[in-house]
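This one's a predicted model, so the numbers in the text were calculated from it and none came from an experiment.
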Amino acid sequence: MIAIIGAGPAGLAAAVTAAKKGEKVILIDSSTRLGGQYWRHLPSNWKQKRLPYFAEAQELFDQVLSSPLITWYSNAHVWQAEKKNEIFYLYVVKNGVEEVITAQKVILATGAYDRSLPFPGWTGPGVMTPGAAQAMLKTHGVLVGKKIVIAGTGPFLLPVATGLASAGAEIVALLEANKQWRWVFNVHGLLLNPSKIREGVYYLKKLRSLGISIQYGSTVTSFEAGIATIGKKEIACDVVAVGWGFVPELSLAGILGAKLSVQKDGTVVVDVDRNQETSIQGLFAAGESTGIGGSVLAIAEGEIAAGKGNRVTRWRAQVFAKGLQRVYPVSSGWLSSLNSEVTLCRCEEVKVSDIQSAIDELGAQDGRSAKLLTRAGMGLCQGRVCGRNVSEVVACHLSREVPDRERIASASRPLAGPISLGELGDGLGKKF
């Protein structure tokens with residue numbers, strides 16, 4: 001039995017590849033639809049788009065749903081896991097019922113979520129991430145606002161803008177924090193991945209046809225009462241969607257004891273070998289948890305994790321992904337310009353000034369001690385949103401770098417997902 005956690009591009013590719021080899025697979029995902037965030041809901045006219053990944057998505061969907069060897073567990077999440085006597089035990093909550101699933105091999109394809117940085121007004125109504133705005137549209141067909149500002153950094157801003165605009169929203173500003181010329185740092189990645197050039201051209205043409213221009217070197221600095229401040233300019237809007245790339249979801253990898261490492265840009269990822277196996281025998285990882293790289297890389301890694309895949313395709317996609325880190329860096333300038341009264345941890349309502357006081361008055365010397373003294377990162381999200389930011393604010397205040405061990409610690413947590421006391425108290429259900 002192979003258990004695959006996550007039904008995005010990496011998980012789907014792994015499931016189909018394993019089934020073709022005759023392996024029995026259980027595919028576990030928290031959504032009611034296949035595809036993850038990237039392929040959450042294909043547009044009805046996807047065939048007219050002529051983008052190769054739409055066709056590939058539908059093909060994977062069809063194979064997963066038609067294979068007698070693949071069991072799809074939708075609306076289910078793994079909240080805890082362990083390995084005993086060479087067997088993995090996954091504790092799953094599905095439709096409010098807890099079960100334990102056993103497997104000889106586990107592939108983590110847990111994806112990533114938007115990275116948020118604090119600014120004045122970021123916790124108020126009308127502020128969200130680009131991923132949240134896209135999810136509302138894809139899943140429920142709901143526009144989050146009529147007049148929207150999209151800001152941050154990274155190529156993900158382009159499909160979000162085109163999707164919202166095509167659905168009827170007015171994109172009053174599309175702001176890329178980095179300069180356009182920075183693409184010179186990834187020319188080699190583009191040459192190795194010509195499909196990325198076609199994809200980029202498609203979105204740029206689409207933006208032009210929708211009357212949307214990209215403003216480079218700009219971002220939202222505050223939002224209040226329907227007014228977004230961009231530098232010295234103010235723009236009226238309903239919603240600002242701001243995202244700074246993605247953060248890999250590593251909870252289960254950490255719980256199972258897999259080795260984690262820190263990339264040059266400070267992102268924590270799962271360490272894997274050439275076969276996508278982690279430091280734990282039988283535990284594999286594919287997709288964004290091994291480094292943010294997009295669907296092409298995720299699919300290649302998923303296939304290799306399942307035992308068969310194209311390593312050349314993976315290498316090309318890895319070159320492109322590493323180049324993106326140079327094209328779209330997140331500058332440390334947000335730290336020096338941060339107002340002390342800005343909320344840093346929204347769950348526990350901890351301000352930047354609270355962190356500074358914990359350092360100056362109570363002697364906090366790292367993110368962990370600041371967390372214990374202020375409760376930052378101890379709320380509902382368990383530090384997923386603010387953990388990295390807290391560590392960087394502490395390091396900035398002390399004029400030092402964040403140690404790798406602290407970054408890894410802030411990416412790990414004891415529970416991988418929520419579970420109610422009632423579900424926990426009822427005990428485990430049937431074994432799969």
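More than 12 heavy atoms of other shown residues, nucleotides or ligands fall within 6.0 angstrom of atom CG in Leu65. Around atom CZ of Arg326, more than 12 heavy atoms belonging to other residues, nucleotides or ligands sit under 6.0 Å away. Heavy atoms from other residues, nucleotides or ligands lying under 6.0 Å from CD of Gln180 number 12 at most.
By the 6.0 Å and 45° rule, Arg33 does not stack over the aromatic ring of Trp39. Geometrically, Lys94 engages Tyr73 in a cation-pi contact, judged by NZ or CZ lying under 6.0 Å from the ring centre and within 45° of the ring axis. Remark: Lys105 qualifies as a cation-pi partner of Phe284 under the 6.0 Å distance and 45° angle criteria applied to the six-membered ring.
Two residues are said to be in side-chain contact when any heavy atoms from C-beta on lie closer than 4.5 Å; Thr162 and Ile212 fail this criterion. Here the side chains of Thr219 and Ile230 are not in contact, with every heavy-atom distance at 4.5 Å or above. The shortest side-chain heavy-atom distance between Lys351 and Val342 does not fall under the 4.5 Å cut-off. Residues Val296 and Lys196 meet the side-chain proximity criterion, which asks for heavy atoms closer than 4.5 Å. You'll find the side chain of Val239 stays beyond 4.5 Å of the side chain of Val127, heavy atoms only. At a threshold of 4.5 Å between non-hydrogen side-chain atoms, the residues Ile408 and Val262 count as touching. The shortest distance between side-chain heavy atoms of Asp354 and Leu344 does not fall below 4.5 Å. Arg314 has its side chain within reach of Gln276: a pair of non-hydrogen atoms, C-beta onward, lies under 4.5 Å apart.
In this structure, Ser66 contributes its side chain and Asp62 its backbone to a donor-acceptor pair below 3.5 Å. Looking only at distances, no side-chain donor or acceptor of Asp29 sits under 3.5 Å from a matching main-chain atom of Asn75. The backbone N or O of Asn193 lies less than 3.5 Å from no partner atom in the side chain of Arg316, so there is not a single donor-acceptor pair. Proximity of a side-chain donor or acceptor of Thr343 to a complementary backbone N or O of Cys345 within less than 3.5 Å is not detected.
We find the CG-CG distance between Leu283 and Leu108 to be 4.5 Å, quoted to the nearest 0.5 Å. Once rounded to the nearest 0.5 Å, the distance linking CG of Asp271 with OG of Ser261 reads 3.5 Å. Atom CD1 of Ile255 is separated from atom CZ of Arg413 by 9.0 Å, given to the nearest 0.5 angstrom. Distance SG/Cys396 to CD/Glu401: 10.0 Å, rounded to 0.5 Å.
Of the options Leu192, Leu297, Leu190, a side chain to side chain contact (heavy atoms under 4.5 Å, CB included) to Phe320 is made by Leu190 and by none of the others. A ring-ring contact (aromatic ring centres under 6.0 Å, His included) with Tyr328 is found for exactly one of Trp183, Phe156, Tyr216, namely Trp183.
The ring of Phe61 has its center no closer than 6.0 angstrom to the ring center of Trp72. Checked against a 6.0 Å centroid threshold, the rings of Phe119 and Phe223 do not count as neighbours.
Ionic pairing of Arg384 and Glu249 is present here: one or more N-O contacts between side-chain nitrogen and carboxylate oxygen are shorter than 4.0 angstrom. For Arg115 and Glu392, the salt-bridge test passes: some basic side-chain N is under 4.0 Å from an acidic carboxylate O.
In the model, Glu176 has no side-chain atom that pairs as donor or acceptor with a side-chain atom of Gln215 under 3.5 Å.
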